[in-house]
Amino acid sequence: MEIENVINLKGIKNNVHEALPQLHGVDPNGNEFSFTNHYMVRDGHPFFGICGEFHFSRYNCDEWEDELIKMKMGGINIVPTYVIWNHHEEVKDQFIWSGNKDLRRFVKLCKKHGLDVILRIGPWDHGEVRNGGYPDWLYGEPLEVRSNDKLYLHYVEKLYEEIGKQVHGLFFENGGPIIGIQLENEFQHAGASWEITTGTSDEWIPAGHGGNEHIKSLLRLTKKVGMNVPIYTGTAWGGAVAETDTVLPLWGGYAFWPWIFYDKNVKEHPATPEYIYRDYRYPTYNFDPTYNPKEVPYAACEMGGGMTVFYSYRFKLPYQSVDAMTNVKVASGCNFVGYYVYHGGSNPRGIKTPYLNEAATPKINYDYQAVLGQFGQPRESYYRLKRQHYFFKDFQDDFCPMETVLPEGAQDIDPTDDKTLRYSVRQKDGKGFIFLNNYQDHIKGTDKEHEVINLELDNESLRVPFSGTFGLKNEESCILPFNFDMDGILIKTATVQLITKVESKGESYYFFYQPRGMEPELALDSTTIDNIDSEDIESYGDHIVIRPVKGELTNYKMKSANGKKVNVYVMTSQQSLDF
């Protein structure tokens, strides 16, 4: 029995305009960063940021370059990294910047491979580090951490001076790769165990106080020591302080919450609301901005690229949870994704302290079940994300300005509901993409079958698929184009996901894949086609319908009405993972 889903896309206006004028920079070659209220702008064009967190001091420095190349191949274009205070000044006044702690070497390798960098300079990091990154000696000083205490800021300035020396000349204004700096982390939202007392008095490092004045104090110190960048960021979730006159607020989402088991009364992990489509132009779950969300782009720095096990909660992360979250965040309006962490590692041993980890987590292992693991091993999530990343980067000019539109009731779906189709649309001027998600954490889930989506546009109605119905396997997510211009050939609807496009010798090559559980189909506007080199086509008035063989690689050679040669490859899901 056919299940009909209808979404109204009529009268949608895309109000894109300049925003955050203080977050702007130009390098010596005239390259420029700025923002609109929807996305980052680079050299006058929409820029889709794809951040993969990699902590240099948690990895073998002689293998950094190999790992950065893997990350770039996976579609990462920005590398955020913590500069963890107690990794560098465990002993007071003895800074270490050599070996695995050689920040300058790491940043220069990022530059070599065309990767931008965001330094998360703390001074408070958390990051499952001992004392949240504070060295033990700091607690022998008569000061108040995470505040505008003069002595505390004195030590912070010394830390910032040392960081600034290490990366001197590598900032964007110098032609370097460092485009951003994160100030503090989860300020006035979260603390962590003070490891000196853990198990004795169980004291906690406070979340801080002083509001935006403290963040402004940190900003003044970064500029005082010469660390000037186009983008200053701050984590914003949970009521953390991240005012838009100072920083770009960054958001995130985790579906696996080991910390809830600190409460011994909690016996079972709930299904989380992370996989429900939303519209980030408005406050919603885990998004309660203190600013007008229509005037600031939604950007993320901590989407769960994995999650470390805690001693109180040891679990196996489903790797399909990672690209499903990206699908949901981007569908909901995000044009700047960030994975924490994208690359795992190993906690270094201390000089005076045997272990520099947070006591609730493994001593050495910081694998994090990440996209790239503790020893650089690519997980299934690496291959699944790559398909999305190539698409976001290659079609960012058209895609970034597209507006989110939700079907009625989409944000009200209960996480345990495995029957209702979860979908959303991003569109502009009658063309766009349908996002579908059939993954939900902490429930069993079921396959979707017999679904139809009707798109009600200003000048037409489109049915997806063109004929019949579609399905989607449990734990799968996908992105389907409609009214997509393929170098003159118009795809009206499709049940295959676009990955990327390549130009060679005057011809275009478009690569798609078949989502698992879905019958592959492309419905083309026949008036835009001169010919197709295939007998496996069907004509329906002004539509030509192609049905690639399910489970096989299919290639079609086409020529548009304007004479452009277009090659279309439709891969299986497995082939696309190896692409």
Exercise. Would you indicate whether K316, at its atom NZ, is surrounded by more than 12 heavy atoms from other residues, nucleotides or ligands within a distance under 6.0 Å?
Key: yes

Taking 4.0 angstrom as the limit, do [X] and [Y] come out as a salt bridge?
X: E358; Y: R130; result: no
X: R42; Y: D116; result: yes
X: D245; Y: K216; result: yes
X: R379; Y: D367; result: yes
X: D102; Y: K108; result: no
X: E162; Y: K158; result: no
X: E65; Y: K112; result: yes
X: E67; Y: K70; result: yes

Is the distance between the ring centroids of [X] and [Y] less than 6.0 Å?
X: F315; Y: H269; result: no
X: Y298; Y: F287; result: yes
X: F106; Y: F54; result: yes
X: H389; Y: Y339; result: yes

From [X] [atom1] over to [Y] [atom2], what is the distance, rounded to the nearest 0.5 angstrom?
X: K224; Y: E157; atom1: NZ; atom2: CD; value: 3.5 Å
X: I84; Y: T81; atom1: CD1; atom2: OG1; value: 7.5 Å
X: L109; Y: K111; atom1: CG; atom2: NZ; value: 12.0 Å
X: R120; Y: E53; atom1: CZ; atom2: CD; value: 4.5 Å

Quiz item: Pick one: which of Q374, R58, H55, K363 meets side-chain hydrogen bond (donor to acceptor under 3.5 Å, both in side chains) with S346?
Solution: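 Among the candidates, only Q374 passes.
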
Self-check item: For W124, all residues meeting side chain to side chain donor-acceptor pair (under 3.5 Å), sequence neighbours excluded
Solution: none

Quiz item: Mind checking whether S34 and E18 have side chains closer than 4.5 Å, heavy atoms only?
Solution: no

Exercise. Side-chain contact test, heavy atoms from C-beta onward, threshold under 4.5 Å: evaluate it for L248 versus Y232 and give yes or no.
Key: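 In short, these two side chains do not touch, never coming nearer than 4.5 Å.
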
Quiz item: So, for T284 and Q411, which heavy atoms are closest and what is the spacing to 0.1 Å?
Solution: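 So the two residues come closest at OG1-OE1, 3.3 Å.
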
Exercise. Would you kindly check if the NZ (Lys) or CZ (Arg) of R349 is within the cone defined by 45 degrees around the ring axis of Y355 and under 6.0 Å from the six-membered ring centre?
Key: yes

